[in-house]
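In what follows, chains are A, B, ... by sequence order, proteins preceding strands, each numbered from 1.
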2 protein chains.
Amino acid sequence: MITIYDIAKKANVSAMTVSKVINRTGRISTATRERVQQVIDELGYIPNSNARSLVLQRTQMLSLLITDITNPFYTTLARGAEDAAHLRGYRVLFGNSDEDYHKEKEYVEAILSTRVDGVLFAPAGDRSITHLQQLQARNIPFVFLDRTVPSIHSDVIAGDSRQGALELMRYLIKLGHQHIALVNGSSEVSTARLREEGYVEGLREAGIAPDPSLVLRTSYRDFSDDEGLERLVSRPQQPTAVFAANNMLAIGVIRLLRKRGLRVPEDISVVCFDDLDLASAFDPFLTVIAQPAYEFGYQGMQMLIDRIEGKLPPDPQTIILPSEMRIRASAATPAPD
Amino acid sequence: MITIYDIAKKANVSAMTVSKVINRTGRISTATRERVQQVIDELGYIPNSNARSLVLQRTQMLSLLITDITNPFYTTLARGAEDAAHLRGYRVLFGNSDEDYHKEKEYVEAILSTRVDGVLFAPAGDRSITHLQQLQARNIPFVFLDRTVPSIHSDVIAGDSRQGALELMRYLIKLGHQHIALVNGSSEVSTARLREEGYVEGLREAGIAPDPSLVLRTSYRDFSDDEGLERLVSRPQQPTAVFAANNMLAIGVIRLLRKRGLRVPEDISVVCFDDLDLASAFDPFLTVIAQPAYEFGYQGMQMLIDRIEGKLPPDPQTIILPSEMRIRASAATPAPD
DNA sequence: GTGAAAGCGCTAACAT
DNA sequence: ATGTTAGCGCTTTCAC
């Protein structure tokens, strides 16, 4: 391990002088600076950020906590987050909760222990409130990412789930659908609640009475509730369309539908929230409301850093990013009975 | 900031005693342990890992450096890596080089500065040798992930690129293809070289003379070399099949082919290395050699941790994971002329 | 323009 | 079984 003292000794100066050269602080004569710099380069000295963090009480490290690393929405988001952090001189400690409260708890503890400067946080659900309170108790700034938790006030970067859902519903209804099922995430998650509101609102607008038995609540992360879907599609009046509350659910739904011999969209239409970047590049099939995932990450990180660096007004800020309807092939006019 | 001294004071013991309770080291009477633990819980004390790392010269932090976070091969791998690290009590600092030497350099510096205990490293290319030498100079263990760099000896977890490519070629040739193009990654990358070897070997086996003008070398990360592909397919003798050296390239190739009005597989067959998890779940179209991405990450991390903890023989180990051919719809018998 | 002293929060080694 | 001392590698403060 090569330390600042090794440099100091070899350059025949004090440790303080070396520190000043490295951090470009204080007054240093050009001659000394150059001599020190040369020794640094020669020995390939790299400062120990642990020692640095200890004294500075800052780590220059941010945490990004997401809920599903296999979901392209989050991986694209992660890229944006990383780009923004990098540009402003921060490193990123990733965490993936898999929508699981306990995994999330462990990450929060790691975060607290690492003393990261801030967290861009997609909470697994409303129970995450305990984790957020821990952060607040320690004055670690966080920005809600995509989802919020009731009664916790902090900065937010999100999309408009309610409005997006409403647009999707209007589209289906315009196509002529009357019996529309909703396959949703857990009602523990704010976006799932909002998307359901949009769903109900869409039905109301069209004068269709919401039918609770057309709503299935499961997990955003993966769809394997075969029985649940079975119940939905084997009703006397089979729904002609399914609104899947996210991309992962849509994949599961389509797979199960096909397994049952139902063609999409000929027999049943499917739409969802969030695009499937790769799959769609390859085969533009799914009709979706696409959210600007990269911007979620990029602007979220910017917001977090602005907050940390005191560049934001003291009261919590909210950024709502616009989404965009991408009409493709998975939804069509319902087959006449 | 709440420190070990706050606990010590409140529990009426020394800092050492608290430290011992936290780390379950040394002898502590049950009474003291319980009293201390209670204060810890009450105050919600969480140790400062920076201070800890400083004295222990260990961070319990590992780094995972990948080259494309939007590629499902790497995201699935990342999950495996994280699971394994987590299970053994390590945290993971992710880095994404985007196949870029300079971005990689910055990550390596961050890694060095953070003093991570080890790195699971997918090098961007042969030039990464400078980064690996830096790690070696500082005795930071690393495991080559997926790719290696000539003349650097370290543990390796990888697939058999040469063999996989050969199998893909045999399959195409069995279908009747004689004119097979290769769209490859950069020859700076070991897997690209090996896949090309497999390609050539496949041709040789079938008594087909390799034609250099049927080989296009670009980047694994994305495919946008429209002109390059143009040249490949607009030859007098148009190839009847394309072997894309990874999944991202395959997507690009198929998109460009379709743009040119060529149907896959009716007009031209396409096969590739690595599956597209989501896209394939949804629409099993692409014929691929699938590598066990999760295992790459999981076993790679295990290997790294075993190395760090001295559980491996001193000489570098190599694990080659088996791949699996998944025959689907994107390759078919060539159309008769 | 440069350096000496003290301390960030923790633990290893050594008392007691 | 518990406590004292010293020091991990760095920077802040203040003296020169």
State the OG1-CE distance between A/Thr114 and A/Met61, to the nearest 0.5 angstrom. 5.5 Å

Between D/dC10, C/dG3, C/dC10, spot the one nearest the side chain of A/Ser14, thanks. C/dG3

Side-chain contact check for B/Thr32: nearest option of C/dA4, D/dA1, C/dC10 is D/dA1

Nucleotide of D/dG3, C/dT11, C/dG7 approaching B/Lys20 most closely (side-chain heavy atoms): D/dG3

Nearest-angstrom distance from the residue atom CG of A/Asn12 to P of C/dT2: 12 Å

Closest approach to the side chain of B/Leu54, judged atom by atom: which nucleotide of D/dG9, D/dC10, C/dT11 is it? D/dG9

So if I take every side-chain heavy atom of A/Asn48 and compare against D/dA1, D/dG9, C/dG9, which nucleotide ends up nearest? D/dG9

Taken to the nearest whole Å, CZ/B/Arg27 to P/D/dT2 is 11 Å

Taking the side chain from A/Ser113 and the backbone from A/Glu109, do they hold a donor-acceptor pair closer than 3.5 Å? no

A/Ser19 side-chain proximity, nearest of D/dC8, D/dT11, D/dT2: D/dT11

Nearest-Å distance for atom pair CG/C1', residues B/Asp6 and C/dG9: 11 Å

Mind calculating the distance between CD1 (A/Ile4) and C1' (C/dG7) to the nearest angstrom? 15 Å

May I have the distance from B/Tyr5 (atom OH) to C/dG7 (atom P), rounded to whole angstrom? 11 Å

Pick the nucleotide of DNA chain D nearest each of B/Arg115 and B/Arg35; which residue has the one closer to the 5' end? B/Arg35

Just the rounded figure in Å: distance from C1' of C/dC10 to OH of B/Tyr45. 7 Å

Could you tell me whether A/Arg79 and B/Asp98 have a side-chain N and a carboxylate O separated by less than 4.0 Å? yes

Side-chain ion pair, B/Asp117 and B/Arg91, N-O less than 4.0 Å: no

